Amino acid sequence: MLKLIFMINRVEGMSYERFVEYHRDRHAPLFTSIPEAGSYVRRYTVSHPVPAENYPPRAYDGLTEIWFEDWEDHDAFFTSENYRTLVNPDEARFIDMDSVAVMVTEEKEVVRRTDPADGHHRREAVSAITARS
């Protein structure tokens, strides 16, 4: 599975609070409203920094993650008429496009936390080693 990570900053003059509100309440619903999001996108998340004592100050105002099954789905989504005419133009309304950092990855799950019905937390290590026959 292909995962794109976009680290984004707000446009000049926009407050951080307004940026978060726009990203979550305007842009994300617009993104998910186009049929191609349902057809080609496997997962879509938006995240925003929270105060965290003993950590460096935030480097970006937000983060968008988009998962695709493969490059064909990626290309079909980003070249679609709906993305190009509706979603893409909206990005410049709140994102400083010159400061966007992008990472294209293949995600490998290493630890998964599960919550059994008894309320105790358990972590499962996901093996990165393939067993030999």
Side-chain angles (χ1 to χ4, degrees):
M1 188 167 323
L2 188 64
K3 178 180 176 182
L4 280 70
I5 304 165
F6 298 90
M7 283 93 31
I8 58 177
N9 286 314
R10 64 190 183 272
V11 293
E12 189 172 334
M14 179 179 272
S15 72
Y16 176 72
E17 294 75 18
R18 176 71 181 123
F19 168 81
V20 170
E21 176 188 1
Y22 195 96
H23 195 196
R24 285 183 181 161
D25 300 335
R26 165 82 172 107
H27 187 74
L30 175 63
F31 181 102
T32 59
S33 74
I34 65 171
E36 293 82 1
S39 299
Y40 302 114
V41 175
R42 292 288 304 267
R43 187 171 177 208
Y44 170 73
T45 65
V46 298
S47 303
H48 304 93
V50 296
E53 193 174 319
N54 299 320
Y55 282 87
R58 67 178 182 241
Y60 292 93
D61 294 323
L63 173 76
T64 297
E65 297 171 291
I66 309 170
W67 287 257
F68 297 96
E69 188 62 39
D70 51 37
W71 283 106
E72 290 78 22
D73 285 356
H74 166 278
D75 295 347
F77 178 79
F78 284 113
T79 60
S80 72
E81 183 75 13
N82 283 323
Y83 174 78
R84 290 184 300 106
T85 61
L86 299 172
V87 179
N88 184 253
D90 189 57
E91 293 166 356
R93 292 188 177 103
F94 71 106
I95 298 171
D96 174 5
M97 300 306 285
D98 292 332
S99 72
V100 174
V102 178
M103 184 180 294
V104 178
T105 70
E106 278 191 359
E107 186 174 67
K108 172 63 179 157
E109 187 173 86
V110 178
V111 174
R112 179 184 313 144
R113 182 175 151 197
T114 59
D115 297 318
D118 64 8
H120 293 96
H121 299 297
R122 184 182 76 211
R123 290 183 182 252
E124 297 176 2
V126 179
S127 176
I129 302 171
T130 304
R132 295 184 192 177
S133 335

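The model shown is predicted, which means the values in this text are computed figures rather than measured ones.
Partners of Tyr83 by side-chain hydrogen bond (donor to acceptor under 3.5 Å, both in side chains), not counting sequence neighbours, listed by chain and number: Asn88, Glu91. Listed by chain and number, the residues in a side-chain hydrogen bond (donor to acceptor under 3.5 Å, both in side chains) with Asp90 are Tyr22, His27, Arg93 (sequence neighbours excluded). In this view, Glu107 and Lys3, Trp67 satisfy the side-chain hydrogen bond (donor to acceptor under 3.5 Å, both in side chains) rule, not counting sequence neighbours. In this structure Thr32 satisfies the side-chain hydrogen bond (donor to acceptor under 3.5 Å, both in side chains) test with no other residue, sequence neighbours excluded.
Annotation for Ala101 and Tyr60: closest pair CB-OH, 3.4 Å, computed over non-hydrogen atoms. Across every non-hydrogen atom of Val102 and Val100, the tightest pair is CG2-CG1, 3.8 Å.
When side chains are defined from C-beta on, Thr64 does not count as touching Phe31, because their heavy atoms never get closer than 4.5 Å. Between Val104 and Leu2 the shortest side-chain heavy-atom distance falls below 4.5 Å.
Residues Val20 and Leu30 share a hydrophobic cluster, clusters being chains of Ile/Leu/Val/Met/Phe/Trp/Tyr side chains in contact below 4.5 Å. A continuous path of Ile, Leu, Val, Met, Phe, Trp and Tyr side chains, each step under 4.5 Å between heavy atoms, connects Tyr44 with Phe78, placing both in one hydrophobic cluster.
Side chain of Ser39 to backbone of Glu36: no donor-acceptor contact under 3.5 angstrom is found.
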Which atom pairs, donor and acceptor, lie under 3.5 Å between side-chain atoms of residues 4-12 and protein residues at least two apart or in another chain?
{"from": "Asn9", "atom 1": "OD1", "to": "Asp61", "atom 2": "N", "distance (Å)": "3.1"}
{"from": "Asn9", "atom 1": "ND2", "to": "Ser99", "atom 2": "OG", "distance (Å)": "3.4"}
{"from": "Arg10", "atom 1": "NE", "to": "Met14", "atom 2": "O", "distance (Å)": "2.7"}
{"from": "Arg10", "atom 1": "NH1", "to": "Asp61", "atom 2": "OD1", "distance (Å)": "2.8"}
{"from": "Arg10", "atom 1": "NH1", "to": "Asp61", "atom 2": "OD2", "distance (Å)": "3.0"}

Sequence neighbours excluded and cut-off under 3.5 Å, please list the side-chain donor-acceptor pairs for residues 45-57, or say none.
{"from": "Thr45", "atom 1": "OG1", "to": "Glu65", "atom 2": "OE1", "distance (Å)": "2.8"}
{"from": "His48", "atom 1": "ND1", "to": "Arg24", "atom 2": "NE", "distance (Å)": "3.3"}
{"from": "His48", "atom 1": "NE2", "to": "His23", "atom 2": "ND1", "distance (Å)": "2.7"}

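Annotation for Met103: atom CE does not count as buried by contact number, only 12 or fewer foreign heavy atoms lying within 6.0 Å. For Phe77, the CZ atom is densely surrounded, since the number of other residues' heavy atoms within 6.0 Å is greater than 12.
Interatomic distance, Ile34 CD1 to Thr85 OG1, rounded to the nearest 0.5 Å: 8.5 Å.
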